[in-house]
Protein chains: 2
Amino acid sequence: MPASSIRARVRAEMLDEIKAVARQHLATDGANLSLRAVARDMGMVSSAIYRYFPSRDDLLTALIIEAYDALGDAVEAAAVAATDRLDLRARWQAVCRAARDWALAHPAEYALLYGSPVPGYAAPDDTVGPAQRPPLTLVGLLREGLEDGLLSPPPANELPPQLHADLTELADAFFPGLPPALLARGMAGWTQLFGLISFELFGRLNRTVAHRDAYFDHQVGLLADLIGLPPPR
Amino acid sequence: MPASSIRARVRAEMLDEIKAVARQHLATDGANLSLRAVARDMGMVSSAIYRYFPSRDDLLTALIIEAYDALGDAVEAAAVAATDRLDLRARWQAVCRAARDWALAHPAEYALLYGSPVPGYAAPDDTVGPAQRPPLTLVGLLREGLEDGLLSPPPANELPPQLHADLTELADAFFPGLPPALLARGMAGWTQLFGLISFELFGRLNRTVAHRDAYFDHQVGLLADLIGLPPPR
DNA sequence: ACGAAACAAGAGCGGTGCTCTCGAAGTGCT
DNA sequence: AGCACTTCGAGAGCACCGCTCTTGTTTCGT
């Protein structure tokens, strides 16, 4: 097998092991990942890591992409797994819950994705695709609802002209024909979802809201009302 | 004046100067503040800083408290400066715009307040008071609107019992008698505001929305509709 | 079988937060 | 005014960090 020689296979395993150890360090020690500590845990010398990742930022980028994809998988699976495709509100709730569940299960990785950007770090282009999966899933649900006649498009004159143009262009790039005002509502939902998860994960609900599941579901339901999703059955 | 001797006054000036230099470093170099760098900028040796702040985290805490208070001042001023107290929607928009304006003018400090929490860092109790000022301002607007008869309380049976209890207790701590369902809507507005600012500041609107002012105003208006604020005049 | 490429290890550079010691300078009391 | 006491700035040093360079070994493709 020339396509995967011993060396290539060992290298792939090393890449995976480094990322696994780094992910574990991320979960325990927080965001400031130490290359030397990862190397120590693997019984290597720190300089050896640089055979696999040219810099600490590249390791972080790899972890970020994998985290985006893990979140994207969870979210998209929730959008599809619905028993009743026509129960749009239940599907919306399921997608939001899936994102929150993933974040609660992987808080350090969520902070890596959606926390304050690392100062010197600039997200490479590889990350924008995976990063778009959750919001595209949400807006995709709205498009399906529109196709199935489950929700009515907002009035077209709702947006000021420049914003109308911005959102029309954005909609055409992913969901041609989607009314821009509905896209705005989808983005509002995505913004709200991010805010809810971040507040809960970063401790802003401590000592204020004890029953987080109920709080989350209620707030998601409020925004579902705003978007115009059909009322719960 | 024994109460403020030369030494005490010089010390106070040093505290201020250290914080000023640190704030400047924060703005240019990002969140990873270097004690040695601020000491260098002040012509001091790094160990001398420890006469004024026992650790780097304590310096960060001081900066965080000052930033919370600056944001709180801006937000509360916007809530009071309205020409027409009864135009609740305009006041809500003004408060939201004030928060965004402050964040855009001080992005590094906003990231310090609302970005991912620093791993080892735990927010001391001194920060919770200043941190509550923006959300309390928003909810305070809703209470005023209720008192002035500008908005009607949501149905009382909207919340599940446990969440109703949580939010009633929370409301009684700051706004006795405020309907918990209205408090939930205020928190939704605060969550949305945080999400909108964070997305814009952390680059998630890059290459998607060009006219940020219009986008922000529209989204804030959407949530004002959800809360039940009177329509724009 | 051999040259080329990939690899792990080690030393080293400049940087970090933080501690400790030491001499200088200001403070309060008699 | 003199003296004990406290505060201060400087310096050396510790352990850690990301990263580079060199050296000797192992594996690869031909």
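First the proteins, then the strands, lettered A, B, ... as listed; each starts at 1. As the structure is a computational prediction, the values presented were derived from the model and not from experiment. These numbers come from the heavy atoms of this one structure, side chains and all, not from hydrogens, waters or symmetry mates.
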For this session: Would you give the length of the straight line joining atom CE of B/Met44 to atom CZ of B/Arg51, rounded to the nearest 0.5 angstrom?
Result: 10.0 Å
Problem set entry | Contact check, side chains of B/Tyr110 and B/Ser198, non-hydrogen atoms, under 4.5 Å | yes
Problem set entry | Rounded distance (Å) that lies between atom P of D/dG9 and atom CE of B/Met42 | 9 Å
Problem set entry | Whole-Å gap separating P (C/dC7) and CD1 (A/Ile49) | 12 Å
For this session: Flag yes if more than 12 heavy atoms outside A/Gln162 fall under 6.0 Å of its CD atom; otherwise flag no.
Result: no
For this session: From the options C/dA9, D/dC19, D/dG9, select the nucleotide whose nearest atom is closest to the side chain of A/Arg36.
Result: D/dC19
For this session: Assign each of A/Leu35 and B/Val45 to its nearest nucleotide of DNA chain D by heavy atoms, then name whichever residue's nucleotide is nearer the 5' end.
Result: B/Val45
Exercise. Between B/Asp213 and B/Arg97, is there a salt bridge with N-O shorter than 4.0 Å?
Worked result: no
Exercise. What does A/Leu33 touch in the nucleic acid at a heavy-atom separation under 4.0 angstrom: a base, only the sugar-phosphate, or nothing?
Worked result: sugar-phosphate
Problem set entry | Separation of C/dA24 P from B/Arg7 CZ (nearest whole Å) | 15 Å
Exercise. Would you say D/dC21 has OP1 or OP2 under 4.0 Å from some side-chain N or O of A/Tyr50?
Worked result: no
Exercise. C/dG15 base to B/Ser34 side chain: any donor-acceptor pair below 3.5 Å?
Worked result: no
For this session: Answer with base, sugar-phosphate or nothing: what part of the nucleic acid does B/Ser55 contact at a heavy-atom distance below 4.0 Å?
Result: sugar-phosphate
Seminar exercise, completed: From CE of A/Met44 across to P of D/dT25 the rounded distance in Å is 19 Å
Problem set entry | cation_pi(B/Arg143, B/Phe175) dist<6.0 Å, angle<=45 | no
Exercise. Does A/Ala37 or A/Pro54 map to a spot on DNA chain D nearer the 5' end, using the closest nucleotide for each?
Worked result: A/Ala37
For this session: Rounded off to whole Å, could you give me the CZ-to-P distance for the B/Arg9 and D/dT7 pair?
Result: 19 Å
Exercise. Just how far, in rounded Å, is P of C/dC20 from CZ of B/Arg51?
Worked result: 12 Å
Exercise. C/dG17 base to B/Ser46 side chain: any donor-acceptor pair below 3.5 Å?
Worked result: no
Problem set entry | Side-chain heavy-atom pair A/Arg133, A/Leu71 within 4.5 angstrom cut-off | no
For this session: Remember a base hit wins even if backbone is also touched, and classify B/Met14 as base, sugar-phosphate or nothing at under 4.0 Å, heavy atoms.
Result: sugar-phosphate
For this session: Rounded to the nearest angstrom, tell me the gap between atom CD1 in B/Ile18 and atom C1' in C/dG17.
Result: 15 Å
For this session: Report which part of the nucleic acid B/Phe53 touches: base, sugar-phosphate, or nothing (heavy-atom distance under 4.0 Å, all strands).
Result: nothing
Exercise. Taking only N and O in the side chain of B/Arg40, is any of them less than 4.0 Å away from OP1 or OP2 of C/dT16?
Worked result: yes
Exercise. Side-chain N or O of A/Arg11 less than 4.0 angstrom from OP1 or OP2 on C/dC7?
Worked result: yes
Problem set entry | Residue-phosphate contact under 4.0 Å: B/Arg56 side-chain N/O, C/dT16 OP1/OP2 | no
For this session: Figure out the NE2/P separation between A/His25 and D/dC16, and round it to whole Å.
Result: 13 Å
